[in-house]
Amino acid sequence: MDRMEVERLKECYPVGTRIMLDYMDDIQAVPAGTKGTVDHVDDMGTIHMKWDNGSSLGICPDTDCFHVAGKAGK
């Protein structure tokens, strides 16, 4: 992922954005339907999460499916 794509992700998913997971391609995947809050987006484009179920597994935007569920506190 190039720098411009990473910057776009950081703009689209700022800290505090609420996300709902639709599908995660990982053996330790967070269950579909789980909500969480964006902690940060790293320089590789991984969206680091604080999932409501206690997990902190990051989202890989190229392979995982998710959607915005609101802003923190809303």
Side-chain angles (χ1 to χ4, degrees):
M1 185 171 294
D2 69 29
R3 187 157 191 73
M4 288 181 63
E5 289 175 288
V6 171
E7 290 305 316
R8 185 187 62 78
L9 287 173
K10 289 179 179 182
E11 289 178 16
C12 289
Y13 308 108
V15 172
T17 301
R18 294 286 290 165
I19 299 285
M20 180 181 283
L21 185 69
D22 299 319
Y23 170 79
M24 182 177 277
D25 186 21
D26 191 293
I27 196 158
Q28 298 177 337
V30 175
T34 302
K35 290 183 181 179
T37 304
V38 173
D39 183 59
H40 69 282
V41 178
D42 69 19
D43 291 338
M44 295 292 292
T46 301
I47 303 170
H48 292 267
M49 299 294 298
K50 291 181 181 176
W51 295 104
D52 293 355
N53 69 354
S55 177
S56 59
L57 192 62
I59 294 174
C60 296
D62 292 339
T63 57
D64 302 328
C65 297
F66 60 95
H67 62 273
V68 173
K71 297 290 180 188
K74 292 188 179 181

- Please round to the nearest 0.5 Å and tell me the distance separating atom CZ of Arg18 and atom CG of Asp52. 4.0 Å
- In terms of heavy-atom contacts, Gly45 and Leu9 come closest through O-CD1, 3.5 Å
- Message: One pair to check against side chain to side chain contact (heavy atoms under 4.5 Å, CB included): Leu21 and Trp51. What are the steps and the verdict?
- Response: CA-CA 10 Å; Leu21 185 69; Trp51 295 104; 3.8 Å; yes
- Task: Write down the atom of Leu57, the atom of Met49, and the distance for their closest heavy-atom approach.
- Result: O-CB, 3.8 Å
- Keeping the roles fixed (side chain from Glu5, backbone from Asp2), state whether a donor-acceptor pair exists under 3.5 Å. yes
- Message: For residues Met1 and Val41: do they belong to one hydrophobic cluster (side chain heavy atoms under 4.5 Å, members Ile, Leu, Val, Met, Phe, Trp, Tyr)?
- Response: yes
- Task: Enter the distance from Asp42:CG to His48:NE2 here, rounded to the nearest 0.5 Å.
- Result: 3.5 Å
- Side chain to side chain, Thr34 and Phe66, heavy atoms closer than 4.5 Å: no
- Item | Nearest heavy-atom neighbours spanning Val30 and Met24 | N-SD, 3.6 Å
- In Å, rounded to the nearest 0.5 Å, how long is the span from CD1 of Ile19 to NZ of Lys50? 14.5 Å
- Message: Applying a strict under-4.5 Å side-chain criterion to I, L, V, M, F, W and Y, I'd like to know whether Met20 and Ile47 cluster together.
- Response: no
- Message: Quick check: closest heavy atoms across Asp64 and Gly58, and the distance to 0.1 Å?
- Response: OD2-O, 4.2 Å
- For Lys35, does the NZ atom sit with more than 12 other heavy atoms under 6.0 Å from it, leaving out its own atoms? no
- Task: Treating Ile, Leu, Val, Met, Phe, Trp and Tyr as nodes and any side-chain heavy-atom pair under 4.5 angstrom as an edge, say whether Val6 and Val68 lie in one connected cluster.
- Result: yes
- Query: So, do Cys60 and Asp25 sit near enough that their side-chain heavy atoms are less than 4.5 Å apart?
  - Reply: no
